[in-house]
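This report refers to the structure that appears directly beneath it.
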2 protein chains.
Amino acid sequence: MSTRSPRSRHPEGPRQATIRDVARAARVSVATVSRALNDSGPVRDDTRRRVRDAVQNLRFTPHGAARSLITSRTNTLGVLLPDLYGEFFSEIIRGIDREAQRAGYQLLLSSARNARDEIKGAFRAMYGCVDGLILMAPDVELAELFAQHRDRTPIVFINSPVESDDAYVITIDNHGGAYRMVKHLVQNGHRRIAIIRGGNRNHDAAERLRGYRDALIDSGVACDPRLELQGDFTEAAGYRAAHTVLKLDPRPTALFAANDAMAIGALSALREEGAAVPEEIAVAGFDDIPIARYVSPPLSSVHVPIARLGERAMKLLLGAMTGSANGAGRRVVLPTTLVIRTSSP
Amino acid sequence: MSTRSPRSRHPEGPRQATIRDVARAARVSVATVSRALNDSGPVRDDTRRRVRDAVQNLRFTPHGAARSLITSRTNTLGVLLPDLYGEFFSEIIRGIDREAQRAGYQLLLSSARNARDEIKGAFRAMYGCVDGLILMAPDVELAELFAQHRDRTPIVFINSPVESDDAYVITIDNHGGAYRMVKHLVQNGHRRIAIIRGGNRNHDAAERLRGYRDALIDSGVACDPRLELQGDFTEAAGYRAAHTVLKLDPRPTALFAANDAMAIGALSALREEGAAVPEEIAVAGFDDIPIARYVSPPLSSVHVPIARLGERAMKLLLGAMTGSANGAGRRVVLPTTLVIRTSSP
DNA sequence: AGATTGGGTGTAAACGGTTACAGCGCGGGC
DNA sequence: GCCCGCGCTGTAACCGTTTACACCCAATCT
């Protein structure tokens with residue numbers, strides 16, 4: 001390591017001012033400076049003014065780490081998501097950020113795509129740097145892996161299959177939403193309804209599939225495995241699946257995609273093949289991402305209050321940190337609603 | 001403040017283990033523990049094993065702040081964006097995150113919507129907590145405001161009108177992209193081409209408008225102020241503007257939206273009004289967000305390597321922090337390319 | 001007048017890591 | 001036999017902030 005002062009990365013500049021420099025310049029003690037800046041004690045008005053001036057002149061910025069060390073609060077919350085692709089995550093983050101800002105917290109964001117090690121690594125890196133954590137791990141196996149850590153830093157799980165009673169979990173009504181959408185399709189005369197499924201080990205995907213099946217069974221329609229197409233929540237998967245659907249004989253009259261991204265991919269494929277939506281085949285999605293209303297034809301979907309989901313997760317976390325969340329409020333299930341636009345009858 | 005240990009927020013649990021606890025359990029000194037965990041010095045194999053065991057047993061996690069305080073590195077980079085809404089930002093973040101993870105950095109994310117004070121506040125909060133900063137401030141007035149701070153923590157500006165030579169700035173070729181798209185429309189016979197503009201003080205928006213005008217002038221087509229509609233980069237704005245466009249007499253034969261979100265909003269409005277795209281009116285956007293290819297009809301757009309933009313910004317920042325970026329590489333302009341799909345002839 | 005308050009301030013001890021420096025033991029070169 | 005070097009380890013200083021506690025002084029109460 002070189003001889004220059006550690007905090008200034010730019011050799012030419014003078015060393016970053018500390019609270020001691022400010023104290024010297026304002027001819028008071030460091031305690032007074034701290035009190036003046038944080039309103040944490042009585043300070044005379046002219047003393048306060050001298051301190052503020054010194055802060056201005058020296059361009060003093062408190063060293064976050066030093067403060068965190070003694071207060072043992074980082075003022076930062078972690079957000080760990082499985083991916084950052086698409087409007088769903090962008091909306092979630094937006095909701096989380098909005099609420100975090102309101103509460104005066106910073107956001108440490110990370111995504112851990114596929115690999116289990118990657119997630120553990122990201123988790124490790126965050127842990128110990130944050131006052132709380134919002135974790136979205138729809139992969140079945142991962143959720144329990146972290147559940148054991150909950151005693152240290154509060155964790156809120158979004159859409160994660162976590163069983164333990166004392167975990168903070170916020171989910172949406174996946175089963176109910178899918179169920180009602182499929183019921184709606186049946187009520188409009190559809191009997192052969194295909195589904196584009198989400199990822200295999202994804203909990204949301206599994207619940208939506210379950211809702212689809214239950215709705216069919218309750219309607220007296222037999223489930224047909226050939227109508228359950230594999231997908232992975234991407235537009236490309238929906239695109240491919242729709243091509244497959246068109247080749248089925250007899251051809252389904254409705255297509256339910258487990259999320260909007262796949263529904264939009266499917267719409268694109270159907271348009272290419274000249275299949276009229278909704279006349280020849282109805283299409284419905286899940287999530288109701290903001291763009292769903294703007295695609296052609298406007299997409300029927302199961303509305304999920306995505307940004308709200310983020311907000312509520314953050315609220316739950318803030319409650320958990322202050323200890324105000326009693327046992328009852330640890331599990332939140334947000335309702336989903338049907339939004340029927342023109343892509344379905 | 002209560003009497004319980006500061007770091008454990010959960011009263012029932014024992015105090016969070018420190019490096020000293022680990023040292024005691026492994027019967028070594030704290031220095032050895034530190035060396036063992038960071039590979040920062042010679043440690044005998046069995047000593048290392050004892051340390052690892054103790055870490056496991058005590059569930060020791062290093063206190064990030066304490067480490068930052070002495071190393072004066074936070075291992076965190078800040079990202080400050082004007083908004084988090086839509087696929088553009090989600091892609092940018094994705095690119096930034098990918099590169100940050102590769103380099104082993106954490107990401108502190110924040111958005112500062114409209115107000116100037118809000119941005120300053122967010123900036124203040126981050127500053128001093130991060131080793132570097134990526135800042136996107138397309139608002140003209142704000143960019144210079146922060147340029148003065150560059151001597152402390154390195155800052156990379158994305159799409160921001162920053163003049164000073166020694167600032168790190170990465171931009172995309174807004175003018176060229178818009179210019180070529182409009183030229184393309186003209187070459188396909190369009191003479192009355194409307195534009196949906198971006199925000200008034202937005203630099204990107206201004207550059208794209210300039211490219212539109214220059215292309216018209218160079219093509220011998222007169223600019224008509226009535227064809228320049230106000231927008232703000234949201235789908236809703238595009239939707240409204242398209243309705244206005246249809247009422248113009250004579251009606252424009254092409255519509256160039258300053259970003260894809262507005263183009264998609266416009267497509268939605270045109271569809272509602274029964275205006276055939278591209279037969280009656282051609283539509284083109286800007287950004288080429290991932291979903292553009294999946295809307296109906298697939299949207300012609302000016303392709304911007306959005307995720308790449310984030311990646312490159314991060315690379316620039318990493319270079320700035322190690323001081324390896326020499327004067328020449330401080331300004332990067334990413335090229336844009338035309339992607340003609342079926343929404344335009 | 002002396003005791004008592006309380007506002008305003010200073011001193012110094014934390015917080016939990018990293019690391020310079022010193023020390024120890026041991027093997028090999030002279 | 002002595003010294004040197006080297007691998008391994010321990011001690012303690014240091015990072016920059018917050019805050020408990022002590023202190024001083026003026027105003028008020030008894």
Exercise for the section: Could you pick out which residue, B:Arg20 or A:Ala65, lies toward the 5' side of DNA chain D when each is mapped onto its nearest nucleotide? Expected result: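 Comparing both residues, the 5'-ward one is B:Arg20.
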Whole-Å gap separating [atom2] ([N]) and [atom1] ([X]):
X       : N      : atom1 : atom2 : answer
A:His63 : C:dG17 : NE2   : C1'   : 13 Å
B:Ile19 : C:dG16 : CD1   : P     : 11 Å
B:Asn38 : C:dG16 : CG    : P     : 17 Å
A:Arg67 : C:dA14 : CZ    : C1'   : 17 Å
A:Asp21 : D:dC15 : CG    : C1'   : 14 Å
A:Ile70 : D:dA20 : CD1   : C1'   : 11 Å
B:Phe60 : C:dG16 : CZ    : P     : 10 Å
A:Asp39 : D:dT18 : CG    : P     : 12 Å

Practice task
Could you pull out all residues at least two apart from B:Ser68 that satisfy side chain to side chain donor-acceptor pair (under 3.5 Å)?
Solution key: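 Side chain to side chain donor-acceptor pair (under 3.5 Å) list for B:Ser68, sorted by chain: empty.
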Exercise for the section: Identify, with sequence neighbours excluded, every residue that meets side chain to side chain donor-acceptor pair (under 3.5 Å) alongside B:Asn159. Expected result: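 Only B:Asp204 meet the side chain to side chain donor-acceptor pair (under 3.5 Å) criterion with B:Asn159.
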Problem - B:Ser34 side chain near C:dT18 phosphate (N/O to OP1/OP2, under 4.0 Å) - result: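 Indeed, a polar side-chain atom of B:Ser34 lies that close.
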Exercise for the section: Have a look at the helix from C:dA1-D:dT30 to C:dC30-D:dG1 and give the angle its two end axes make, five pairs each, rounded to 10 degrees. Expected result: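 About 60°, once rounded to a multiple of 10°.
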Problem - Exam field: side chain A:Gln106 to backbone B:Ala125, donor-acceptor pair closer than 3.5 Å - result: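 Side chain of A:Gln106 to backbone of B:Ala125, a donor-acceptor pair under 3.5 Å: yes, one is there.
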For nucleotides 6-11 of chain D, which of its nitrogen or oxygen atoms have a protein nitrogen or oxygen under 3.5 Å away, and what is each distance?
from, atom 1, to, atom 2, distance (Å)
D:dT9, OP1, B:Thr47, OG1, 2.4
D:dT9, OP2, B:Arg44, N, 2.9
D:dG10, OP2, B:Ser29, N, 2.6
D:dG10, OP2, B:Ser29, OG, 3.0
D:dG10, OP2, B:Thr32, OG1, 2.9
D:dG10, N7, B:Arg35, NH2, 3.1
D:dG10, O6, B:Arg35, NH1, 3.3

Practice task
Decide whether B:Asp83 and B:Ser111 meet the rule of one side-chain donor and one side-chain acceptor closer than 3.5 Å.
Solution key: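 Result is no, nothing qualifies.
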Applying salt bridge (Lys or Arg N to Asp or Glu O under 4.0 Å), can you list everything that pairs with [X], at least two apart in sequence or on another chain?
X        : result
A:Arg201 : A:Glu141
A:Arg44  : A:Asp46
B:Arg24  : B:Asp21
A:Arg98  : A:Glu311

Handout entry: Nucleotide nearest A:Thr18 (side chain, heavy atoms from C-beta), chosen from C:dG17, C:dT18, D:dG16
Key =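 Of the options given, the side chain of A:Thr18 lies nearest D:dG16.
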Contacts table for residues 31-40 of chain A: side-chain donor-acceptor under 3.5 angstrom, sequence neighbours left out:
from, atom 1, to, atom 2, distance (Å)
A:Thr32, OG1, A:Ser29, OG, 3.4
A:Asn38, ND2, A:Ser34, O, 3.3
A:Asp39, OD1, A:Arg48, NH2, 3.2

